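Okay, so here's the structure we're looking at.
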Amino acid sequence: MSISTKYNPAEVESKRYQEWLDKGFFKSTPNPDKEPYTIIIPPPNVTGVLHMGHMLNNTIQDVLIRKARMEGKEACWVPGTDHASIATEAKVVGMLREKGIKKSDLTREEFLKYAFEWKDKYGGIILNQLQRLGASCDWDRTFFTMDEKNSAAVRDVFISYFKKGYVYRDYKMVNWDPTAQTTISNEEVIYKDVDAALYYVEYEIEGSDKKVTIATTRPETILGDTAICINPNDERYTHLKGKKAIVPMVNRVIPIIEDEYVDLEFGTGCLKVTPAHDTNDYDLGQKHNLETIDILNDDATLNEDAQFYVGMTREEARKQISIDLKESGHMVKVESMRHKVGFSERNPDTVIEPKLSLQWFVDMQKIVGPALENVMNDNIQFFPDKFKNTYKHWLENIKDWPISRQLWWGQQIPAYYYGDDGVAVGKTKEEALEMAIKDTGNSSLTLDDLKQDEDVVDTWFSSALVPISCFDGFANPDNEEYKYYYPTQTLVTGWDIIFFWVARMIISGYEFANEKPFEQVYFTGMVRDLQRRKMSKSLGNSPDALGLIDQYGADGVRVGMLLSSAAGNDLLFDEKLCEQGSKFANKIWNSFRFIKTQEVQDIPQDPAAKIAGEWFMNRINEVVVELDDLFSKFRLSEALMSTYKLVWDDFCSWYLEMIKPKYGEPIDQKTYDQAIGFIEQVMKIIHPFMPFISEEIWHNLQDRGDKDYVMIAEWPTHAGFDADQVKKTSDVFEAITGIRNVRSSKGMSPKEALELKIKATDFVSYEAYIPVIQKLANVSSVEGTDSKIENAATFIIEKDEFYVPLGEYADTAEDKEEAQKEISRLEGFIKGIDKKLSNEKFVNNAPEKVVAMEKKKKADAEAKIALLNQKL
RNA sequence: GGGCUCUUAGCUCAGCUGGUUCAGAGCACCUGCCUUACAAGCAGGGGGUCACUGGUUCGAAUCCAGUAGGGCCCA
C-alpha cells in the first residue's frame, strides 16, 4: 500500500467525524451496567461564533469524555445553547431595524416569532463549528435554554420561590443598561478605570450670602439634587447645620443634612445628594426621607423633570451644564481624575445608570446555605481549589439578585397583577386566577382582571436549571434518564462565570433536586494573547478559530490549546503551539508509516528488538499509571506532555531506532507484530487528545470490523511494569548518549565504529543490551574489564565506569583543563557534603535515608574524581 | 479601601507532605548532520542569586512574617 508522507488532516477529519456520527458512537442511553460519566456543556450563546475560549473549553471536555468512554463508562456529553436574552434581543432588534421594522410596532408574539426565526437560522452555527474540533457530544440531546422543558422549569421555580417567600417585588436601585434598556445584575457590571473630571460647583445658602462648594463627577445630575450632605464631625461646615441650599439653575431649595457616610477627604467633604441617580445617595435619601427626582429617561437622555437639556444624553448634558455653570459663575474649578465607572457586560461602551425600578428580586441569603457548605466540604470539588475562596467570599456577602429583565426574549415572569396591589403566580393565567381568588376571597375575579408581568427573567436564572431540566427532572423526577445521569460528573467552565452560572446551578441543584448538579468543577483560564491581553474583537487579537483548524488540523489545534493550559491559569495563546501540535501529528504519522512500510519476513527476532519490546511494554504501562494519576487531578497539559514524550522520545527516538532493521533488510515477523501492537496502544493513549489521527492510523494498521474504532476501544489497563528493567534500560540509554557525546565532542564521524569497555560491578546485566548499544551508538565491541583503560574517554553511570578508547583522538590540553575544572567542582561538592555529615544535629535528626543519600553522593563524586584524575 | 492570588531559564510553566545529583519541562537559542519514517527531521550543547529581606529548622524554591512588583474579585 502507499501511504502519504505527510498527514492530511482536512481529509481525515471530515471523513472520520462523519463515521463516528453514522455509527452512533456519540449517543448515550442509561446503562445500569456502566458507570455514568456526564458532562453538560456550558451552553454558548445563540449569537456566538466559535472563539478561542470555546476551543479551549470544549477541547478539555472532549478529552475528558473520550477518555471516560474508553474506560468503559457510559459517557454522555450534553450539548446546548443559551438564549442570551440581552445579546440576542439586541441582534434581533438590529436585524428588524435593517428590514425597517421597529420593535415598538410589533406585538410581543410577533417579535418572538422573528426572534425564533433568527435563532433557528443562526443559533446552531456554533455547535456545528464545535464538530470541526471533534466534539463527541450526543447531539440528539441538544438543549436550548428556552426549550419548553426549561421554560416550564423556570415557571415552576419562580412559583416555588414565590410561595416560599424567596422572591419578592420591590422598587429599588438597580443597574440599568440604557442601550439594552433593561436591568442587569451586579455581576454584569464591568468596572473600568476611566479618565474623568471632578467639577467643583458652588451652591448658595438660603437667606445668606455664604456659599458651599461640592465636588461631583456628574454635574448633570445637579438638576435632580434634593439635598446637600455634610459630615457632622466636619468642623469646616458646622455653620451650615440646619441651613438650606439652593440648587443652581433650577433654584430648588434643598436641606443640608448630616451623615457620617460623607468622606472628609474626598473633594470638598461636602456631598450633593441625588437619590434617583446614585446608589449611595439613594440610601441617604431613604434614611433622611429626601425627595427623589428622576431626571433621566430609560435611554439615559434627560427628561422633563430635569427642566434643562431635555432630550440630551448624559454626556451632552454634562458638557453643556459645565459650560453654563461656568458662565453663571457657579463653577469653581475642574480637576481631572481617574475613577471607576461601571459598564455593561453586554454593551461594553454603555455606562450603567443606577436607576430606581420596580423589579423582582431573589432573596439569595435564604437559599445559599447548602451551596456554600457542599463546596467548602469538597462534596463538590473545585479544580484548582483556590476558587473555593472566591466562591466562599461571594456567597457570604451575597446580595439580592434582581431577575427582571425588561425584554421579550426569554421566559416571561409568571406573575400576574390584579386590583391595586394584588399579585398571584401560576404556570398559567388560570392557575394564577385561582390563587388570586383564594388569596382575596373574591370569587368574582376573572381572567380579564389579571395582567401578566411584562418582563422576562434573567438568562442565568434560566440556565441555572439546565442540569436538572435537560434530563426532565422537574416535570418528571422519576424518569430513568434523570435518575441515571443526575448528578453529572464534571463541569468544565471558565472562572469568569463562577458566580453567574456555577454558583447558581449549585444553589438550584440543592434547592430542587436535593443534590449537587455535578461532582467536580474544572475551571479553565481565559485565553489571552502573548501580551496578556484578553482576546477581543475590538483589539483584533483573536485568531480565527476555524482558520486555525484549517491550517493546523483539529488535532494540532487541540494539542496547541492544551499544551499551555495548566488548570485555572490563564493561557497565553501562541499560534506556534498549534504548529507544534501539527508537527507532533506528523511525527506520529511518520512513525506509523515507517512500521507499516517494512518488509516482513519469518526470520528470528533481532536481539536488540527483543530488548526494545520488553522495555517499551514496561514504559507504556508506566505512563498509563502516570496518566491516570494526572487525569484524576485534571492536570491535562502534563498528561499531554507525558504522552508527547512517550511518543516522541520513547517510541520514536528509542524504540523505533532499536528495532530498525539494517538498511535494505527485512524486519522479523515477531518484532513487526509487536510494533503494530504498540502503535495500537499508543493510538489509544493519544486518542482523547488527538482523536482524528489516532482513528485514521487505527484503521490503517489493519482491516477493522464494523465497530472496531479506537474511539470506543478499551483504555489500556494498568498491567504493572518492571521498574528495574526500565531503570536498567535508561542507564543503557545514558551510556549510549555518553558515547554519542564522546563522538560529538571529539568530532568523530558517526560512521566510525568505536569500542566500549565497561568496568561494572555486574557486567552480566549489560550483556543483554550489547546489541542495542552496538546498534544505537555504532560500537563494534562491548567488553567488560577489571582495570582502568588508558587513553580513553570515560564516564560513570551508577558506579559503573565506561571507557571509549580514543586512539588517535587522544585527550588534548583543553580536555585536561576541563577535567581539572570538573574535579574542582566535585571537590567543592564533597566539601559541602562533609560539612553536613560532620554536623551532629544533621546526622541525629535527619532520616536515615537522607543521611545515606548524602554518603552515596559523596562516594559517587569521589569515584568520578578518581576517573578524571587518569586524564591528567 | 477589603479579600484572594502570583513572582522559578530568553518565553510559557511544573515543582505535592521541607530532604534523591533538585533547581526541572516544553518552546526558543547555539553546534554538527539532507543517516534510506519524518529537515514539520536527527544527534549534541549552553542557560536560572527560585522577586527581596528577615525568621523557623540539622536542612527552605517549598513553612512563617515583612517589603517591592504584577494579576483577579468585591466595594
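Because the structure is a prediction, the values reported are computed rather than measured. Order of the sequence lines fixes the chain letters, A, B, ..., with proteins taken first and strands second; residue numbering starts at 1 for each chain.
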In whole Å, what separates the P atom of B/rU56 from that of B/rG45?
-> 42 Å
Of the nucleotides B/rC38, B/rG19, B/rA75, which has the atom closest to the A/Lys399 side chain?
-> B/rA75
Indicate, with a heavy-atom threshold strictly under 4.0 Å, whether A/Glu840 touches base, sugar-phosphate, or nothing.
-> nothing
Would you mind reading off the distance between A/Leu837 atom CG and B/rG19 atom P, rounded to a whole angstrom?
-> 18 Å
Using atom CG of A/Leu571 as one end and atom P of B/rU12 as the other, report the distance to the nearest whole Å.
-> 13 Å
Nucleotide nearest A/Phe499 when distance is taken to its side chain, options B/rG15, B/rC74, B/rA37 = B/rC74
Nucleotide B/rC11, atom P - distance to CG of A/Leu572 in whole Å | 12 Å
Are A/Glu622 and A/Arg619 close enough for a salt bridge, meaning some N to O gap below 4.0 Å?
-> yes
Looking only at atom C1', what distance separates B/rG10 and B/rG54, rounded to whole Å?
-> 31 Å
Between the protein and nucleotides 41-43 of chain B, which nitrogen or oxygen pairs are less than 3.5 angstrom apart?
from	atom 1	to	atom 2	distance (Å)
B/rG41	O3'	A/Lys587	NZ	3.2
B/rC42	OP1	A/Lys587	NZ	2.7
B/rC42	OP1	A/Trp648	NE1	2.8
B/rA43	O3'	A/Arg740	NH1	3.3

Separation of the C1' atoms in B/rC27 and B/rA9, to the nearest angstrom | 12 Å
At under 4.0 Å between heavy atoms, what does A/Lys645 touch on the DNA or RNA strands: base, sugar-phosphate, or nothing?
-> sugar-phosphate
Please state the P separation for the pair B/rG55 and B/rU12 - nearest whole angstrom.
-> 33 Å
Listed nucleotide nearest any side-chain atom of A/Lys841, set B/rC58, B/rA37, B/rA14 | B/rC58
Separation between the P atoms of B/rA25 and B/rG66, rounded to whole Å | 35 Å
Take the protein atom NZ of A/Lys340 and the nucleotide atom C1' of B/rA75, then report the distance between them rounded to whole Å.
-> 10 Å
Whole angstrom is fine here: how far is it from NZ in A/Lys596 over to P in B/rC38?
-> 18 Å
Between B/rU20, B/rA37, B/rA28, which nucleotide gets closest to the side-chain atoms of A/Lys576?
-> B/rA28
Select base, sugar-phosphate, or nothing to describe what A/Asn845 touches, counting heavy atoms under 4.0 Å on all strands.
-> base
Classify the side-chain pair A/Asp650/A/Tyr655 by whether it contains a donor and acceptor separated by less than 3.5 Å.
-> no
Contact state string [nucleotides 4-10 of chain B, B base, S sugar-phosphate only, - no protein heavy atom under 4.0 Å] | SS-----
Counting side-chain heavy atoms from CB outward, which of B/rC58, B/rA75, B/rA37 is closest to A/Phe842?
-> B/rC58
Using a strict 4.0 Å threshold on nitrogen-to-oxygen distance, state whether A/Asp378 and A/Lys388 make a salt bridge.
-> yes
Check every strand shown and say whether A/Lys6 touches a base, only sugar-phosphate, or nothing at a heavy-atom separation below 4.0 Å.
-> base
Six-ring centre of A/Phe387, A/Lys392 cation under 6.0 angstrom, axis tolerance 45° = no
Between B/rC42 and B/rA37, how far apart are the P atoms? Round to whole Å, please.
-> 13 Å
5' precedence on RNA chain B between A/Phe594 and A/Asp574 (nearest-nucleotide basis) = A/Asp574
Before accepting this row, confirm whether a basic side-chain N of the pair A/Lys660/A/Glu665 lies closer than 4.0 Å to the acidic partner's carboxylate O.
-> no
Round to a whole Å and report the spacing from CZ of A/Phe733 to P of B/rG44.
-> 12 Å
Pick the P atom in B/rU57 and in B/rC52, then give their distance to the nearest Å.
-> 23 Å
Taking atom types as modelled, find out whether A/Gln674 and A/Thr671 have a side-chain donor-acceptor pair closer than 3.5 angstrom.
-> no
Determine, for A/Arg218 against A/Asp278, whether the closest basic-nitrogen to carboxylate-oxygen distance falls under 4.0 angstrom.
-> no
Using a strict cut-off of less than 4.0 Å between a Lys/Arg side-chain nitrogen and an Asp/Glu carboxylate oxygen, indicate whether A/Lys727 and A/Asp731 qualify as a salt bridge.
-> yes
Distance only, no hydrogens: is a donor on one side chain within 3.5 Å (strictly under) of an acceptor on the other, for A/Asp385 and A/Gln381?
-> no
Please say whether the positively charged group of A/Lys633, taken as NZ for Lys or CZ for Arg, lies over the ring of A/Phe383, i.e. under 6.0 angstrom from the six-membered ring centre and within 45 degrees of the axis.
-> no
Would you mind classifying the nucleic acid contact of A/Ile595 as base, sugar-phosphate or nothing, using non-hydrogen atoms under 4.0 angstrom?
-> nothing
Should A/Lys858 and A/Asp834 count as an ion pair when the cut-off is N to O under 4.0 Å?
-> yes
For B/rC16, take OP1 and OP2 only and decide whether either is under 4.0 Å from a side-chain N or O of A/Lys633.
-> no
Rounded to whole Å, NZ of A/Lys392 lies from C1' of B/rC74 at a distance of 15 Å
Which string of ( ) [ ] | and . matches RNA chain B, if you list each base 5' to 3' and count Watson-Crick or G-U pairs only when both distances are under 3.5 Å?
-> (((((((..((((.....[....)))).(((((.......))))).....(((((..]....)))))))))))).
If you measure from the Lys or Arg side-chain nitrogens to the Asp or Glu carboxylate oxygens, is any gap between A/Asp860 and A/Lys864 under 4.0 Å?
-> no
For the residue pair A/Phe592 and A/Met683, establish whether any side-chain heavy-atom pair is separated by less than 4.5 Å.
-> no
What do you reckon, are the aromatic ring centroids of A/Trp654 and A/Phe733 less than 6.0 Å apart?
-> yes
Between B/rG1 and B/rU8, how far is it from one P atom to the other, in whole Å?
-> 26 Å
Side-chain N,O (A/Tyr644) to OP1/OP2 (B/rC27) below 4.0 Å | yes
Could you state the atom-to-atom distance from CG of A/Asp278 to P of B/rA75 in whole Å?
-> 14 Å
